[in-house]
Amino acid sequence: MWASPDTRICLITTDPPKNNQRAYKDIIAHPSFPNDLKAKIAKVIPLSKLRTHFKTFEQRRALAADYDLFLADERIVHLIPSILGSVFYKSTKKRPIPVSLIGKSRWGGQRQKLSALDRLKAKKKGPNEKQMMGDPQDIAADIEKALRCCLIHLNPSSTLRLPNPLSA
């Protein structure tokens with residue numbers, strides 16, 4: 001769907017670690033990241049910059065007009081509607097598509113199982129850079145998967161009937 005080489009993509013990320021403010025930009029610039037995908041990603045914006053630099057309606061409208069597609073880290077995609085507002089959410093064309101920027105740790109069967117004590121120790125130490133970002137190849141694969149898919153937004157209603165997973 002977004003296979004055109006002149007597609008302009010804006011990637012909205014979580015705030016990078018304090019010791020490396022260019023962490024997500026470095027992942028995109030990494031040699032193992034595919035060049036065709038690298039050329040499509042025109043801008044990487046952290047969430048804090050999105051909040052501060054795009055406050056007015058006109059600034060958000062200009063941002064929406066500058067890019068064809070918006071991708072957002074799946075960890076922050078629920079925060080974006082209140083920041084971007086009706087400019088992005090009136091139609092479904094500009095809604096950010098969630099992608100995983102933490103790589104294979106979220107893919108089925110690849111996640112490490114930690115005991116409750118290990119999770120508590122990791123929580124006390126705080127998130128490290130390795131947990132926050134994945135490998136460039138894994139991130140590129142997830143972005144390409146998002147570009148090949150079509151996202152559907154279903155509003156909850158009384159006529160919407162979803163299959164019951166327990167009945168199978």
Side-chain angles (χ1 to χ4, degrees), residues 1-54 59-60 62-84 88-89 92-115 118-119 121-153:
M1 193 165 149
W2 298 101
S4 173
D6 55 334
T7 300
R8 292 179 44 87
I9 299 173
C10 179
L11 179 63
I12 303 169
T13 66
T14 60
D15 293 333
K18 292 182 181 183
N19 59 357
N20 185 5
Q21 290 294 317
R22 292 189 44 84
Y24 291 107
K25 292 177 183 177
D26 291 343
I27 287 176
I28 304 299
H30 195 273
S32 64
F33 201 84
N35 287 331
D36 58 334
L37 192 56
K38 195 182 298 187
K40 290 180 183 181
I41 298 176
K43 187 148 183 95
V44 178
I45 303 175
L47 187 64
S48 60
K49 192 178 216 181
L50 189 69
R51 281 186 178 138
T52 58
H53 292 305
F54 300 99
Q59 290 170 330
R60 285 181 270 162
L63 178 68
D66 284 345
Y67 301 100
D68 299 320
L69 180 67
F70 290 87
L71 300 175
D73 191 345
E74 67 182 6
R75 295 172 286 178
I76 60 160
V77 78
H78 66 280
L79 301 172
I80 294 179
S82 63
I83 297 169
L84 294 178
F88 286 79
Y89 288 89
T92 58
K93 287 183 181 180
K94 297 293 181 167
R95 288 184 183 181
I97 299 172
V99 293
S100 173
L101 296 182
I102 55 175
K104 282 188 179 177
S105 64
R106 286 292 302 220
W107 293 359
Q110 301 282 341
R111 191 172 196 167
Q112 291 180 349
K113 294 187 178 182
L114 300 175
S115 68
D118 292 336
R119 283 193 300 263
K121 286 179 185 176
K123 195 174 194 178
K124 285 182 181 178
K125 288 181 184 176
N128 61 19
E129 191 171 330
K130 190 71 174 165
Q131 291 173 336
M132 291 177 65
M133 292 172 285
D135 293 330
Q137 303 92 347
D138 298 337
I139 293 171
D142 200 53
I143 290 173
E144 288 174 353
K145 182 175 134 184
L147 294 178
R148 288 191 309 266
C149 294
C150 180
L151 188 63
I152 298 174
H153 296 280

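- Taking the side chain to side chain contact (heavy atoms under 4.5 Å, CB included) definition, one finds that Ala42 meets it with Arg8, Tyr67, sequence neighbours left out.
- Contact record, Pro16 with Tyr24: CA-CE1, 4.0 Å, taken as the closest heavy-atom pair.
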Stepwise side chain to side chain contact (heavy atoms under 4.5 Å, CB included) test for Leu101 and Ile27: CA-CA 10 Å; Leu101 296 182; Ile27 287 176; over 6 Å; no
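- Every residue two or more places apart in sequence or in another chain was checked for a ring-ring contact (aromatic ring centres under 6.0 Å, His included) with Phe54, and none qualifies.
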Worked check of side-chain hydrogen bond (donor to acceptor under 3.5 Å, both in side chains) between Asp15 and Ser48: CA-CA 6 Å; Asp15 293 333; Ser48 60; 3.0 Å; yes
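- Taking each heavy atom of Val44 and Lys25 in turn, the nearest pair found is O-CE, 3.7 Å.
- Using a 4.5 Å cut-off on side-chain heavy atoms (C-beta onward), Arg95 and Tyr89 make contact.
- Contact of the Ile12 side chain with the Leu71 side chain is not registered, since no non-hydrogen atoms from C-beta on lie closer than 4.5 Å.
- Evaluation of the side chain to side chain contact (heavy atoms under 4.5 Å, CB included) rule for Ser32 yields His30, Pro136, Gln137 as partners, not counting sequence neighbours.
- Here the side chains of Leu84 and Pro96 are in contact, with some heavy-atom distance below 4.5 Å.
- To the nearest 0.5 Å, the span separating CZ on Phe33 from CG on Asp135 amounts to 12.0 Å.
- In this view, Arg51 satisfies the salt bridge (charged side-chain N to carboxylate O under 4.0 Å, His left out) rule with no residue, not counting sequence neighbours.
- By the salt bridge (charged side-chain N to carboxylate O under 4.0 Å, His left out) test, Asp26 is found to be paired with Arg22, residues two or more places apart in sequence or in another chain being considered.
- A 4.5 Å side-chain heavy-atom check between Cys10 and Asp66 finds every atom pair outside the cut-off.
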Trace of the side chain to side chain contact (heavy atoms under 4.5 Å, CB included) decision for Lys43 with Leu11: CA-CA 6 Å; Lys43 187 148 183 95; Leu11 179 63; over 6 Å; no
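- From Thr7, atom OG1 reaches atom NZ of Lys40 across 5.5 Å, with rounding to the nearest 0.5 Å.
- The two residues Arg75 and Thr14 have their closest heavy-atom pair at NH2-OG1, 3.7 Å.
- Rounded to the nearest 0.5 angstrom, Ile102 CD1 and Ile139 CD1 are separated by 9.5 Å.
- Put simply, SG on Cys149 and CD1 on Ile97 are 8.5 Å apart, with the number rounded to the nearest 0.5 Å.
- Rounding to the nearest 0.5 angstrom, the gap separating the CG atom in Leu50 from the CD atom in Gln59 is 10.5 Å.
- Across Phe70 and Lys94, no two heavy atoms sit closer than the pair CD1-O, 3.8 Å.
- Between Ile83 and Arg60, the closest heavy-atom pair is O-CD, 3.5 Å.
- Using modelled atom types, no side-chain atom of Asp142 and backbone atom of Val99 make a donor-acceptor pair closer than 3.5 Å.
- Listed by chain and residue number, Asp36, Leu37, Ala140, Glu144 satisfy the side chain to side chain contact (heavy atoms under 4.5 Å, CB included) test with Pro34 (two or more places apart in sequence, or in another chain).
- In this structure Pro98 satisfies the side chain to side chain contact (heavy atoms under 4.5 Å, CB included) test together with Glu74, Val77, Leu151, sequence neighbours excluded.
- Atom-to-atom distance recorded for Leu47:CG and Ile76:CD1 is 4.5 Å, nearest 0.5 angstrom.
- Minimum interatomic distance between Thr13 and Asp73 (heavy atoms only, all atoms of both residues): CA-CB, 4.2 Å.
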